[in-house]
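The structure appears below as structure tokens.
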2 protein chains.
Amino acid sequence: MQDSLRRFKAGIFQALAHPSRIAIVELLRDEGEVPVGRIYERLGLEQANVSQHLAVLRSKEIVTGRKDGNQVFYSLRDRIIGKVLDLLRQYFQAHLQEALELLKDMRKDEHLSG
Amino acid sequence: MQDSLRRFKAGIFQALAHPSRIAIVELLRDEGEVPVGRIYERLGLEQANVSQHLAVLRSKEIVTGRKDGNQVFYSLRDRIIGKVLDLLRQYFQAHLQEALELLKDMRKDEHLSG
DNA sequence: GCTATATATTCGTAGATTCGAATATTGTCA
DNA sequence: TGACAATATTCGAATCTACGAATATATAGC
């Protein structure tokens, strides 16, 4: 059970481990029910890409979709996920200096490999 | 900055998105400072593997290592990470039924692909 | 110095993830 | 029914991740 719980947590983290998916979750946290079209317009992403990211979030039951006519309205299934993001924002601010260094390094790595 | 923060969060989630790394973090949360040898004995993992996982956690500054003679003692850098895991445990329990289904599906997928 | 112990890194390969392009599905409205 | 709009799925290529085996580095004690 210890192990199941860890695999469960790892699955959730995996699903959240992408900037676009975090952006989606934050949008749903802030706006409640949002149709897919609005998601990709707001975030400036491809339709297919957003649909794929939503599939990942759905597969871990982080979001849920309600079909209404032609559209699908997505929303968060539980407020806890929003709280997790808030904790990380706190964390980011507490370690602001290092966090910025870390991001700089991440960018540097991109350049090296690009 | 919105975007930086999201990349930062995604990096943290990425680092936590593995059952072994979650196990390591939980061990450090429960025991404080722990030498590498104890980590891989307790978790039944290869030395190299643990070292690689620790490198991932270090790169996101989730853990820190203190060298003492021959050994390196690792610990969590911030209690917030422990809180994040606690929130997810709550979440797991709140959605216990679905969570178990989800895990069953994950196992099924493994079998299909293996 | 030499040997043993603890930890880290590198390397190769298998598997997973990401993305856009193309295509499929589903619902609406005439 | 046909044309259109919204969303989902499939496919292939590029990139990333995980693991064990082998190797490297650092420190202790003799």
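These values consider heavy atoms only, across backbone and side chains, with no hydrogens, waters or symmetry-generated copies. For clarity, every value in this text was computed on a predicted model and none was experimentally measured. Lettering follows sequence order; numbering is per chain, from 1.
The residue among A:A48 and A:K67 whose nearest nucleotide of DNA chain C is located toward the 5' end is A:A48.
Between the P atom of C:dT7 and the CG atom of B:D68 lies a distance of 11 Å, rounded to the nearest Å. The nearest whole Å value for the distance from the CD atom in A:Q71 to the P atom in C:dT28 is 11 Å. Rounding to whole angstrom units, CD of residue B:Q52 and C1' of C:dA8 are separated by 9 Å. Between A:F13 atom CZ and C:dT17 atom P there is a gap of 16 Å when expressed in whole angstrom units. Distance CG (B:L16) to P (D:dT17): 14 Å, rounded to an integer number of Å. The CZ atom of B:R21 sits 9 Å away from the P atom of D:dT17 (whole-angstrom rounding). The distance from atom CD of B:Q14 to atom P of C:dT17 is 10 Å, rounded to the nearest whole Å.
Residue pairs meeting the side-chain hydrogen bond (donor to acceptor under 3.5 Å, both in side chains) criterion with at least one member in residues 63-72 of chain B, sequence neighbours excluded, are B:E33-B:R66. Sequence neighbours left out, the pairs with a member in residues 22-32 of chain A that pass salt bridge (charged side-chain N to carboxylate O under 4.0 Å, His left out) are A:E26-B:R6, A:E26-B:K9, A:R29-A:D86, A:E31-A:R38, A:E31-A:R42.
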Legend entry - B:L28/B:I39 under side chain to side chain contact (heavy atoms under 4.5 Å, CB included): CA gap, chis, key distance, verdict: CA-CA 9 Å; B:L28 301 184; B:I39 297 176; 4.3 Å; yes

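One end of the helix from C:dG1-D:dC30 to C:dA30-D:dT1 points its axis 20° away from the other end's axis, with each axis taken from 5 pairs and the angle rounded to 10°.
B:L96 contributes atom CG, which lies 4.5 Å from atom CG of B:L100 (distance to the nearest 0.5 angstrom).
At least one side-chain heavy atom of B:V63 sits less than 4.5 Å from a side-chain heavy atom of B:Y74. Side chains of A:R77 and B:E98 form a contact here, defined as non-hydrogen atoms less than 4.5 Å apart. Residues B:F13 and A:V84 meet the side-chain proximity criterion, which asks for heavy atoms closer than 4.5 Å. The side-chain heavy atoms of B:I12 and A:F92, taken from C-beta on, include no pair separated by under 4.5 Å. Side-chain atoms of A:L5 and B:L88, non-hydrogen and from C-beta on, never get closer than 4.5 Å to each other. Counting only heavy atoms from C-beta outward, the side chains of B:V34 and B:F73 never approach each other to under 4.5 Å.
At C:dA6, none of the side-chain N or O atoms of B:Y74 fall inside 4.0 Å of OP1 or OP2 (strictly under the cut-off). Between A:N49 and C:dG20 there is a side-chain N or O to OP1 or OP2 distance below 4.0 Å.
Within 3.5 Å, no donor on the side chain of A:N70 pairs with an acceptor on the base of C:dT28, nor the reverse. A donor and an acceptor atom sit less than 3.5 Å apart, one in the side chain of B:Q47 and one in the base of C:dA8.
Within residues 53-66 of chain A, the residues having any heavy atom closer than 4.0 Å to DNA chain C are, in order of number, A:H53. Within residues 25-46 of chain A, the residues approaching DNA chain C are A:E46, by heavy-atom distance under 4.0 Å.
Within 6.0 Å of the CD atom in A:Q2, the count of heavy atoms belonging to other residues, nucleotides or ligands does not exceed 12.
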Enumerate, atom names and distances included, each donor-acceptor pair closer than 3.5 Å involving a side-chain atom of residues 45-57 of chain A, sequence neighbours excluded.
from  : atom 1 : to    : atom 2 : distance (Å)
A:N49 : OD1    : A:H53 : NE2    : 3.1
A:H53 : ND1    : A:R21 : NH1    : 3.1

